[in-house]
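The structure appears right after this line, and notes come after that.
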Amino acid sequence: MKQLEQFFRLSQRGTTLSRELRGGCTTFCSMAYLLLVVPGLLSGAGMDFAEVMTATCLITAGGSIVSGLAANLPFALAPGLGFTTLFTHTLCQRYGCTWQQALALVLLSGALFMALALSPLRGRLNDALPIPFKFALSAGVGLFLTLSGLINAGLITADNNLVDMGTLAAPEPLLALMGIFVTAVLVMKKVPGALMLGMAVTVVLGLPLGVTVLPQTLMAPPELSLTALKPDFTGLLALGPIPLVSALLSLLVSQHFDALGTLLGVAGDAKLTDTTGDLTGQREAMLCCGAATCAGALLGVSNVTAMAESATGIREGARTGLSAVITGLLFLCVLPFTPLAGVVTGAALAAPLVMVGMSMMSGITQITWKHVEISLPSFLMIVGMPFTFSITTGVMLGVVSYVVVMVCRKRAHLIDPALYLLAVVFVLDAVLGALP
């Protein structure tokens, strides 16, 4: 106990062992759905479902544990759904890569991301962001989490790029709404572990409604032979220079700003950042993301990032890397019991994601809304994340619009040169991505 206190600096961060345990368990419950969704998406690229599930479990466990120990931050790492979708639909289906070639691209992007995390450019890009943008990041990630939870529960539908209200006649949306109300009451009553308890209640209520389905078998032997050590570099050159550069740039930019947005956005809401919005341990956390991405490519999964769902554990009081270690250990423990992951449905996840998203909106009061050069980029950053379902796109809209507005107002000399570089990279990535 004393060793844990000293290593993770629990009292210095204003937390306790019980809070970290509660936070780690809550984050694990919020991320359990990845064990089904990530393999489901990657199987569309021709990969084996069971083996990708094993790889997802191992990488999430290893990445979270190493990041918790190295960065001492309460962020779990896992293959991001945005990257998983990009892997299947862009790299494999649009560019025509085999999944082995796509894994090689992921490995290269992970190595480049590690180099960026170690370079002075990472800190320069972070410092170049105006402080109001860091509050906007928090609010944008909060809306992103909320929309994700509502869509997964069926309370909101998103078909053919149109967002609409789901039907409460269906059991899952109705259960999700009940779970939100139950969790809200628990939070108002200040019940310890309110989010995790709310999820548990929702899972139980889902049994008579037929939403929660118990698995036919509790155990499944881990498999990992067909997808491991399969990156194929020989076929990459056949793609041509422009598709190759475009794919690598898209992966690198997306991973950097997805991780940056999650780390700064969630940490800012939890008061883990300093007065300038900087986060101690950010460099180590991003370095772990890069290392986990390289390891994940060798095992058979897409890019690894800091998960926004970590905010649910932070909402429960987690403030150190101990909660991330606990989350990782739980993923290791669940490896033989992966069929149980299906018990945590979208309806059960809606309540914690909505409650966390609500709390992350508080930072918008720190944005100077009367100054257009700040308010417009901040607004576009906030709404861009949920409306495009991409943290990276939200950051791009904010940065590019900031540069344009400042130039138009003849204040170009006040912009950090790193932001000019960043805007150019975003525009280049968009242009390359639009090429046939």
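Side chains included, hydrogens not; waters and symmetry mates left out as well; all remaining heavy atoms used.
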For [X], I'd like to know if atom [atom1] has over 12 heavy atoms of other residues, nucleotides or ligands within 6.0 Å.
{"X": "Arg315", "atom1": "CZ", "answer": "no"}
{"X": "Phe181", "atom1": "CZ", "answer": "no"}
{"X": "Phe389", "atom1": "CZ", "answer": "yes"}

For the pair [X] (side chain) and [Y] (backbone), establish whether a donor and an acceptor sit closer than 3.5 Å, ignoring hydrogens and angles.
{"X": "Ser323", "Y": "Thr320", "answer": "yes"}
{"X": "Ser138", "Y": "Phe135", "answer": "no"}
{"X": "Glu316", "Y": "Ala194", "answer": "yes"}
{"X": "Gln366", "Y": "Gly363", "answer": "no"}
{"X": "Ser375", "Y": "Lys370", "answer": "no"}
{"X": "Thr345", "Y": "Thr212", "answer": "no"}
{"X": "Asp258", "Y": "Ser254", "answer": "no"}
{"X": "Thr368", "Y": "His371", "answer": "no"}
{"X": "Ser64", "Y": "Ala61", "answer": "no"}
{"X": "Asn72", "Y": "Phe8", "answer": "yes"}

From [X] atom [atom1] to [Y] atom [atom2], the distance as rounded to the nearest 0.5 Å:
{"X": "Phe331", "Y": "Ile65", "atom1": "CZ", "atom2": "CD1", "answer": "11.0 Å"}
{"X": "Ser302", "Y": "Met47", "atom1": "OG", "atom2": "CE", "answer": "8.5 Å"}
{"X": "Ile314", "Y": "Thr26", "atom1": "CD1", "atom2": "OG1", "answer": "11.5 Å"}
{"X": "Thr305", "Y": "Phe113", "atom1": "OG1", "atom2": "CZ", "answer": "6.5 Å"}
{"X": "Met307", "Y": "Leu77", "atom1": "CE", "atom2": "CG", "answer": "9.5 Å"}
{"X": "Leu42", "Y": "Trp99", "atom1": "CG", "atom2": "CH2", "answer": "10.0 Å"}

Go through the steps to decide whether Met114 and Leu287 satisfy the test side-chain contact (heavy atoms from CB on, under 4.5 Å), and finish with yes or no. CA-CA 5 Å; Met114 289 180 66; Leu287 188 61; 4.1 Å; yes

Can you give me the closest heavy-atom contact between [X] and [Y], atom names plus distance?
{"X": "Ala297", "Y": "Pro231", "answer": "O-CG, 3.6 Å"}
{"X": "Ala285", "Y": "Leu73", "answer": "CB-CD1, 4.2 Å"}
{"X": "Ser109", "Y": "Leu251", "answer": "CB-CB, 3.7 Å"}
{"X": "Leu116", "Y": "Arg122", "answer": "O-CB, 3.3 Å"}
{"X": "Met381", "Y": "Gly398", "answer": "CE-CA, 4.0 Å"}
{"X": "Leu10", "Y": "Leu4", "answer": "CG-O, 4.2 Å"}

Going by the side chain to side chain contact (heavy atoms under 4.5 Å, CB included) test, name the single residue among Val52, Leu36, Leu86, Thr84 that passes it with Leu41. Thr84

Would you call the rings of Phe379 and Trp369 parallel, tilted or perpendicular, where under 30° means parallel and over 60° means perpendicular?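 Phe379 and Trp369: perpendicular rings.
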
Give me the ring orientation class for Tyr402 and Phe133: parallel if the planes are under 30° apart, tilted from 30 to 60°, perpendicular past 60°. perpendicular

Consider only side-chain N and O atoms of Thr16 and Ser18, and report whether a donor and an acceptor are under 3.5 Å apart.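 Yes - a donor-acceptor pair under 3.5 Å links their side chains.
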
Is any side-chain heavy atom of [X] less than 4.5 Å from a side-chain heavy atom of [Y]?
{"X": "Val356", "Y": "Leu195", "value": "yes"}
{"X": "Met286", "Y": "His256", "value": "yes"}
{"X": "Val37", "Y": "Asn152", "value": "no"}
{"X": "Val399", "Y": "Leu129", "value": "yes"}
{"X": "Leu143", "Y": "Met385", "value": "no"}
{"X": "Met199", "Y": "Pro352", "value": "yes"}
{"X": "Ile391", "Y": "Phe257", "value": "no"}
{"X": "Val354", "Y": "Thr183", "value": "no"}

Kindly indicate, with the supporting measurements, whether the criterion side chain to side chain donor-acceptor pair (under 3.5 Å) is fulfilled by Thr293 and Gln255. CA-CA 10 Å; Thr293 294; Gln255 184 166 16; 2.7 Å; yes

Under the side-chain contact (heavy atoms from CB on, under 4.5 Å) criterion, do Val38 and Leu81 qualify, and how do the steps go? CA-CA 7 Å; Val38 172; Leu81 291 186; 3.9 Å; yes

How far apart are the C-alpha atoms of Val185 and Val191, what are their side-chain angles, what is the distance that settles it, and do they pass the side-chain contact (heavy atoms from CB on, under 4.5 Å) test? CA-CA 9 Å; Val185 170; Val191 176; over 6 Å; no

Dump the intermediate steps for side-chain contact (heavy atoms from CB on, under 4.5 Å) on Asp429 and Ser250, then the final yes or no. CA-CA 6 Å; Asp429 181 43; Ser250 180; 3.6 Å; yes

